[in-house]
Amino acid sequence: MKVTNHRLLYSTGKGVPFDETPNKSGTLKGNAPKYVIIHYTAGGSAKGAVNVFNNPAHKASAHIVLGHDGAITQMARFNEKCWHAGKSRWHGISGLNSHSVGIEIANWGWLKGGAGNWRSWTGTRVNDSRVIEARHRNDGVRRGWEIYDEAQIDACVEMVRAIAEAYGLGPQHILGHDDISPGRKQDPGPAWDMDRFRSLVFGRDDEGGDFELTYRVDAKSGLNMRRGPSVAHDAIKKLANGAEVIKVEAEGAWWLVSELKSGEPDDTGWVHSNWLRMG
């Protein structure tokens with residue numbers, strides 16, 4: 001895929017289906033996106049989301065809607081301002097609508113019920129085979145979440161790679177709605193492995209190793225690094241605000257991280273991920 005004149009094209013040069021939303025307002029700051037924001041639709045189909053974004057009464061929109069089968073619908077040019085982020089903030093920027101491309105992936109998101117009786121917020125039954133149970137890193141609550149289809153992941157990788165190449169974006173510019181609106185939004189949620197997704201988009205490093213994302217401590221008074229994944233465990237040390245770390249593994253909102261010193265891993269311990277931001 002590639003981007004030409006802010007439109008997404010297949011490798012053949014043919015544009016993806018374009019269904020222009022009326023719900024937009026002017027152009028992005030700088031006439032180009034600085035970020036890509038991943039969402040789930042909280043609905044059962046791409047068609048339903050397209051219909052919502054074509055209705056002025058809903059006052060919502062996104063640049064891209066991605067179906068369960070990987071089918072892509074573009075609804076606004078990538079330099080246009082859509083209404084997908086709402087109240088949001090990232091690295092000193094408020095109102096990410098003015099700075100980002102929004103991608104909505106057909107998915108119910110978090111579910112109610114339990115094994116044999118998972119239901120969406122509308123009451124629609126969701127088969128157990130389409131559900132994982134996981135904790136969201138922003139609140140630590142264990143819930144059921146609808147899985148994403150491989151066709152969706154594959155299409156999204158190709159699409160975001162094309163957007164990143166067109167606008168000079170890196171892995172730190174690919175975010176979830178739950179990154180920019182923590183506590184208010186949960187999408188794309190733990191069923192979407194964002195670290196793996198970024199690795200698929202940007203590939204491996206020049207020496208053949210796996211792509212590795214770094215994070216920085218975002219806590220003015222510092223962040224305790226602990227011996228285990230809860231406040232019940234003793235603190236090993238306090239990481240300074242701005243300290244750089246890499247993620248080793250996770251248990252819900254608690255991450256095992258290694259602090260980087262001179263670019264090399266040093267002390268390792270558990271921290272709460274709410275206080276980490278991509279480097």
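Computed from heavy atoms alone, side chains included, the values below leave out hydrogens, waters and symmetry copies. Every value quoted in this text rests on a predicted model; they were computed, and no experiment measured them.
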Does [X] have any salt bridge (charged side-chain N to carboxylate O under 4.0 Å, His left out) partners at least two apart in sequence or in another chain, and if so, which?
{"X": "Asp149", "value": "Arg130"}
{"X": "Lys24", "value": "Glu20, Glu80"}
{"X": "Asp69", "value": "none"}
{"X": "Asp218", "value": "Arg277"}

Notebook entry, point to check: With sequence neighbours left out, which residue pairs that include part of residues 218-246 fulfil the ring-ring contact (aromatic ring centres under 6.0 Å, His included) condition?
Noted result: none
Should [X] and [Y] be counted in the same cluster of Ile, Leu, Val, Met, Phe, Trp and Tyr side chains packed under 4.5 Å apart?
{"X": "Ile37", "Y": "Trp83", "answer": "no"}
{"X": "Val217", "Y": "Val231", "answer": "no"}
{"X": "Val52", "Y": "Trp108", "answer": "no"}

Check: For Asn107, what residues pass the side-chain hydrogen bond (donor to acceptor under 3.5 Å, both in side chains) criterion, not counting sequence neighbours?
Finding: none
[X] side chain vs [Y] backbone, donor-acceptor pair below 3.5 Å:
{"X": "Trp118", "Y": "Val131", "answer": "no"}
{"X": "Ser88", "Y": "Gly86", "answer": "yes"}
{"X": "Ser181", "Y": "Lys87", "answer": "yes"}
{"X": "Asp187", "Y": "Gly189", "answer": "no"}
{"X": "Asn241", "Y": "Ser221", "answer": "no"}
{"X": "Ser199", "Y": "Gly203", "answer": "no"}
{"X": "His173", "Y": "Gly170", "answer": "yes"}
{"X": "Ser100", "Y": "Leu96", "answer": "yes"}

Output all residues satisfying ring-ring contact (aromatic ring centres under 6.0 Å, His included) with [X], sequence neighbours left out; order by chain, then residue number.
{"X": "His99", "result": "none"}
{"X": "Trp255", "result": "Tyr215"}
{"X": "Trp275", "result": "none"}
{"X": "His39", "result": "His84, His177"}

Notebook entry, point to check: If we ignore angles and hydrogens, is there a donor and acceptor under 3.5 Å between the side chains of His91 and Tyr35?
Noted result: no
Next item on the list: Kindly give the heavy-atom pair with the smallest separation between Ile72 and Pro17, and that separation in Å.
Entry: O-CD, 3.4 Å
Next item on the list: For atom CG of Asn5, decide whether the heavy atoms of other residues, nucleotides or ligands shown that lie under 6.0 angstrom number more than 12.
Entry: no
Next item on the list: Check the angle between the aromatic planes of Trp192 and Tyr148 and answer parallel, tilted or perpendicular using the 30° and 60° thresholds.
Entry: perpendicular
Notebook entry, point to check: Parallel, tilted or perpendicular: which fits the ring planes of Trp145 and His136, with parallel below 30° and perpendicular above 60°?
Noted result: tilted
How long is the gap from [atom1] on [X] to [atom2] on [Y], to the nearest 0.5 Å?
{"X": "Ile64", "Y": "Leu8", "atom1": "CD1", "atom2": "CG", "answer": "5.5 Å"}
{"X": "Ile153", "Y": "Leu200", "atom1": "CD1", "atom2": "CG", "answer": "8.0 Å"}
{"X": "Glu104", "Y": "Thr73", "atom1": "CD", "atom2": "OG1", "answer": "12.5 Å"}

Check: Does anything in residues 223-240 pair up under salt bridge (charged side-chain N to carboxylate O under 4.0 Å, His left out), and if so which pairs, sequence neighbours excluded?
Finding: Lys237-Glu259, Lys237-Asp267
Check: Got a sec, which pairs hit salt bridge (charged side-chain N to carboxylate O under 4.0 Å, His left out) with one end in residues 156-184, sequence neighbours left out?
Finding: Arg137-Asp179
Notebook entry, point to check: So do Val36 and Tyr167 actually touch side chain to side chain, heavy atoms under 4.5 Å?
Noted result: no
Margin query: For a 4.5 angstrom cut-off between non-hydrogen side-chain atoms, does Phe78 reach Leu28?
Written below: no
